[in-house]
A.B. asks: 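My questions will all concern the structure given below.
Whatever order the structure lists them in is the order used to number ligands and atoms, beginning at 1. Just so we're clear, the structure is a prediction, and the values are computed from it rather than from any experiment.
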Amino acid sequence: MAWRVGSSRGGRTHPRRTGGGHERRFGLAEQTLTRIEISKDYLNFSAGHFTIFSATERENLHGHNFQVRCAVTAAVGPNGLAFDYVELKQVLKALCDTFDEQLLLPELSPYLRLERQQGQVVALFADERMTFLERDVLLLPIRNVTIEELAPLLLERLRDRPELADMRLQRIELGVSSGSGQWAVASSGPPQIGS
Ligand SMILES: Nc1nc2c(c(=O)[nH]1)N=C([C@H](O)[C@H](O)COP(=O)(O)OP(=O)(O)OP(=O)(O)O)CN2
């Protein structure tokens, strides 16, 4: 229903409704895109790591409560629903759980060598040798355990989830934070609406 300013009466204008559907009311194209943002406190994982700064410098082993958030762009269907975002939240939570309570180690670091030996993972860095139980370690196909490497990895793993196939998502942005106020965001798909 498009709105147009009606003829003035008594010096005031009276908006009048004319015929037409939702898309004509707001002058939108037949298909409306929406951007749904998901940022829930429970989308987090507690994990250990150390950031490697060079061939000889790294942080001590420590942990963070990493936080994850996501925004997706999708078409709104004829019944005013893009997709059930409860399903997306469930997938994101499952993704976070795979990283929870693990020591994260990068398999693709130019400075760290990882070896599996009798149920243990040996990490060799500069002149250091660290040994961990396999059950405590999650090896990741990234170069460093930083938020800028974790975000694209989680985005890739999210996109691979079969549950997303029916959501007809046009763009996905996934953010990872190692602490409040510091995020890295990875995205896939065409530029954001209005950017
Ligand atoms: N570009 C990046 N730089 C750093 C990263 C990273 O992921 N990308 N990560 C780290 C370490 O994780 C470091 O432990 C972060 O520490 P910090 O920023 O101090 O974390 P806090 O949440 O404690 O932040 P506060 O500002 O102290 O509250 C280093 N660099």
A.B. asks: Would you indicate whether Glu101, at its atom CD, is surrounded by more than 12 heavy atoms from other residues, nucleotides or ligands within a distance under 6.0 Å?
C.D. replies: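 No, because the 6.0 Å sphere around CD of Glu101 holds 12 heavy atoms or fewer from other groups.
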A.B. asks: Does ligand 1 have any atom sitting under 4.0 Å from a heavy atom of Glu149?
C.D. replies: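 No, Glu149 has no heavy atoms under 4.0 Å from ligand 1.
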A.B. asks: I'd like to check Leu153 versus Val176 (side-chain heavy atoms, cut-off strictly below 4.5 Å). Are they in contact?
C.D. replies: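 Contact flag for Leu153/Val176 side chains = no.
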A.B. asks: Which atoms of ligand 1 are found less than 4.0 Å from any heavy atom of Gly179?
C.D. replies: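 Near Gly179, meaning under 4.0 Å from one of its heavy atoms, ligand 1 has 22 (O).
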A.B. asks: Do Pro106 and Arg143 come within less than 4.5 Å of each other through their side chains, counting heavy atoms only?
C.D. replies: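 In short, these two side chains do not touch, never coming nearer than 4.5 Å.
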A.B. asks: Relative to each other, are the rings of His49 and Phe66 parallel, tilted or perpendicular (30° and 60° limits)?
C.D. replies: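 The rings of His49 and Phe66 stand perpendicular, inter-plane angle above 60°.
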A.B. asks: Please work out which of Glu148, His49, Gln182 has its closest non-hydrogen atom nearest to atom 1 (N) of ligand 1.
C.D. replies: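 Going through Glu148, His49, Gln182 one by one, Glu148 has the nearest heavy atom to atom 1 (N) of ligand 1.
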A.B. asks: Check the pair Phe99, Leu140 against side-chain contact (heavy atoms from CB on, under 4.5 Å), reporting the backbone distance first and the verdict last.
C.D. replies: CA-CA 10 Å; Phe99 291 78; Leu140 299 175; 3.7 Å; yes
A.B. asks: Starting from atom 16 (O) of ligand 1, find the nearest protein heavy-atom neighbour and note its residue, name and distance.
C.D. replies: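 Atom 16 (O) of ligand 1 sits closest to the protein heavy atom His64 CE1, 4.0 Å.
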A.B. asks: Are His62 and Asn60 close enough that some pair of their side-chain heavy atoms sits under 4.5 Å apart?
C.D. replies: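 A side-chain contact is absent here, since even the closest heavy-atom pair is not under 4.5 Å.
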A.B. asks: Please list the nearest protein heavy atom to atom 5 (C) of ligand 1 with its residue and the distance rounded to 0.1 Å.
C.D. replies: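 It is Thr51 OG1, 4.2 Å.
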A.B. asks: State, with a plain yes or no, whether a side-chain heavy atom of Arg58 is found less than 4.5 Å away from one of Glu128.
C.D. replies: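 They are in side-chain contact.
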A.B. asks: Right, does atom 27 (O) of ligand 1 have protein non-hydrogen atoms nearer than 4.0 Å?
C.D. replies: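 Answer no: nothing from the protein, no heavy atom, is under 4.0 Å.
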A.B. asks: Could you check whether atom 3 (N) of ligand 1 has a protein contact, counting only heavy atoms that fall below 4.0 angstrom?
C.D. replies: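 No, no protein heavy atom sits under 4.0 Å from atom 3 (N) of ligand 1.
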A.B. asks: Do Arg116 and Leu139 come within less than 4.5 Å of each other through their side chains, counting heavy atoms only?
C.D. replies: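 When only atoms from C-beta onward are counted, Leu139 and Arg116 do touch, with a gap below 4.5 Å.
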A.B. asks: Check Ile147 against ligand 1 and report side chain, backbone, both or neither, counting heavy atoms closer than 4.0 Å.
C.D. replies: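 For Ile147, the contact with ligand 1 is made by both the backbone and the side chain.
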A.B. asks: Atom 29 (C) of ligand 1: which protein heavy atom is closest, and how many Å away?
C.D. replies: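 In this structure, atom 29 (C) of ligand 1 has Glu59 OE2, 3.8 Å as its nearest protein heavy atom.
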A.B. asks: Please list the nearest protein heavy atom to atom 30 (N) of ligand 1 with its residue and the distance rounded to 0.1 Å.
C.D. replies: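 Going atom by atom, the protein heavy atom closest to atom 30 (N) of ligand 1 ends up being Phe53 CE2, 4.4 Å.
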A.B. asks: Would you say atom 19 (O) of ligand 1 touches the protein, meaning some protein heavy atom is under 4.0 Å from it?
C.D. replies: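 Not a single protein heavy atom is under 4.0 Å away.
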A.B. asks: Flag the pair Leu88 / Leu158 as yes when at least one side-chain heavy-atom distance between them is below 4.5 Å, and no otherwise.
C.D. replies: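 They are in contact (side-chain heavy atoms under 4.5 Å apart), so the answer is yes.
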A.B. asks: Among all protein heavy atoms, pick out the one at the shortest distance from atom 14 (O) of ligand 1; state its residue, atom name and that distance to 0.1 Å.
C.D. replies: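 That would be His62 NE2, 2.8 Å.
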A.B. asks: Might you check, step by step, whether the distance between atom 23 (O) of ligand 1 and some protein heavy atom is under 4.0 Å?
C.D. replies: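 Under the 4.0 Å cut-off, atom 23 (O) of ligand 1 has no protein heavy-atom neighbours at all.
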A.B. asks: Is there a protein heavy atom less than 4.0 Å away from atom 12 (O) of ligand 1?
C.D. replies: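 Within 4.0 Å: yes, protein heavy atom nearby.
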